[in-house]
Number of protein chains: 2
Amino acid sequence: MSGFGPGDPFLADCPARLAVELIADKWTVVVLAGLSRGPVRHGELIESIGGISRKVLTQTLRRLEAHGLVHRHAYAEVPPRVEYELTPLGATLTEPIRALTEWAKANGEAVLAALDAGERAL
Amino acid sequence: MSGFGPGDPFLADCPARLAVELIADKWTVVVLAGLSRGPVRHGELIESIGGISRKVLTQTLRRLEAHGLVHRHAYAEVPPRVEYELTPLGATLTEPIRALTEWAKANGEAVLAALDAGERAL
DNA sequence: CAGATTAGGTTTCCGATAGGAACCGGCAGG
DNA sequence: CCTGCCGGTTCCTATCGGAAACCTAATCTG
């Protein structure tokens with residue numbers, strides 16, 4: 001029943017907590033998933049993700065860049081072309097994100113079903 | 001280099017996306033980690049997590065309850081006693097969260113180092 | 001018997017953040 | 001000349017998170 005090792009790793013003040021808070025927002029995980037297959041352009045991310053605004057995507061990518069997870073390469077062309085790519089550090093996140101993705105694929109329906117059931121009960 | 005299977009699971013409109021957005025907020029992952037070892041009281045979570053307000057903890061737990069991941073048991077006592085516990089569905093999340101936790105433990109320092117380096121460069 | 005204590009929750013207020021939409025820059029093509 | 005292109009920024013509003021006070025009701029304390 002104990003999911004984690006002794007001394008529960010991030011129920012305290014530690015780098016792990018900061019790292020979790022870094023990626024635990026509405027879009028970061030999805031953006032990282034979008035980057036996991038190689039360099040992608042800003043517009044491609046907007047399209048493939050669907051629902052994210054340009055502003056928020058830029059913010060998210062800049063934050064990931066500042067934390068060393070993403071590399072930004074802007075070509076000096078017109079119209080502009082900007083490609084984003086996972087750094088080696090960012091690539092290490094692909095595995096945990098895949099675990100999350102697979103959970104979501106397996107249980108997404110069950111979560112929605114529970115939500116519906118709860119709402120009917122009100 | 002391709003982290004995910006063909007047809008990138010949640011870069012579209014699907015239950016997986018909803019499931020990810022359900023848990024991808026500032027506190028949900030941490031709260032779930034706090035619940036992963038068995039029934040816990042509201043106050044215990046406040047203490048062990050550290051930094052979360054009562055209001056937000058309540059909101060988070062209620063949302064998880066509505067989605068079928070957490071079960072809430074309120075004892076009719078005074079002073080009140082309320083225990084929260086993962087449902088079987090919620091327990092399936094323990095594994096992906098552990099993967100995330102272990103990534104954070106392993107790479108939290110590196111992320112902070114990159115952040116410092118970036119800020120010095122400005 | 002009056003008043004403090006307890007634990008979970010709610011309310012109020014304020015600052016931070018997200019989202020939509022419109023706009024910018026600067027060159028290519030109609 | 002004017003429009004489209006792409007990434008980014010700005011403006012405004014709606015929502016969210018956080019701090020602190022308040023609520024309930026039985027039990028403890030003086």
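To find a chain, count down the sequence lines: A is the first, B the second, and so on, and within it residues start at 1. The figures here come from the full heavy-atom set of this structure, side chains too, leaving out hydrogens, waters and symmetry mates.
Rounded to whole Å, atom C1' of C:dG25 lies 18 Å from atom CZ of A:Arg81. Between the CD atom of A:Glu77 and the P atom of C:dC27 there is a distance of 13 Å, rounded to whole Å. If you take CD of A:Gln59 and C1' of D:dG7, they are 14 Å apart, rounded to a whole angstrom. For the pair A:Asp25 CG and C:dA18 P, the computed distance is 7 Å after rounding to whole Å. The interatomic distance linking A:Leu57 (CG) with D:dC6 (C1') rounds to 12 Å, in whole Å. Atom P of nucleotide C:dG19 and atom CD1 of A:Ile52 are separated by 7 Å, given to the nearest angstrom.
In the set D:dG18, C:dG19, D:dC5, the nucleotide with an atom closest to the side chain of A:Pro79 is D:dC5. The listed nucleotides are D:dG7, D:dT9, C:dG8; the one nearest the side chain of A:His42 is D:dG7. Checking D:dG7, C:dG9, C:dG19 against every side-chain atom of B:Arg62, the shortest atom distance belongs to C:dG9. Side-chain atoms of A:Thr58 lie closest to D:dT9 of the nucleotides D:dG17, D:dT9, C:dA7. Of the candidate nucleotides C:dG19, C:dG9, D:dG8, C:dG19 has the atom lying nearest to any side-chain atom of A:Val56. Nearest nucleotide to the B:Ser53 side chain, out of C:dG19, D:dA19, C:dG9: D:dA19.
Side chains of A:Arg98 and A:Ser36: no donor on one and acceptor on the other come within 3.5 Å.
When the nearest nucleotides of DNA chain C are assigned to B:Lys55 and B:Val82 by heavy-atom distance, the more 5′-ward of the two goes with B:Val82. Between B:Gly43 and A:Arg63, the residue anchored closer to the 5' end of DNA chain C is B:Gly43, taking for each the nucleotide with the nearest heavy atom.
Ion pairing between A:Glu83 and A:Arg81 holds under the 4.0 Å rule for side-chain N and carboxylate O. Using a 4.0 Å cut-off between a side-chain N of Lys or Arg and a carboxylate O of Asp or Glu, B:Lys105 and B:Glu102 do not qualify as a salt bridge.
At a cut-off of 3.5 angstrom, counting only N and O atoms as typed in the model, there is a donor on one side and an acceptor on the other between the side-chain of B:Arg54 and the base of C:dG9.
The backbone N or O of A:Leu22 lies less than 3.5 Å from a partner atom in the side chain of A:Arg63, making a donor-acceptor pair.
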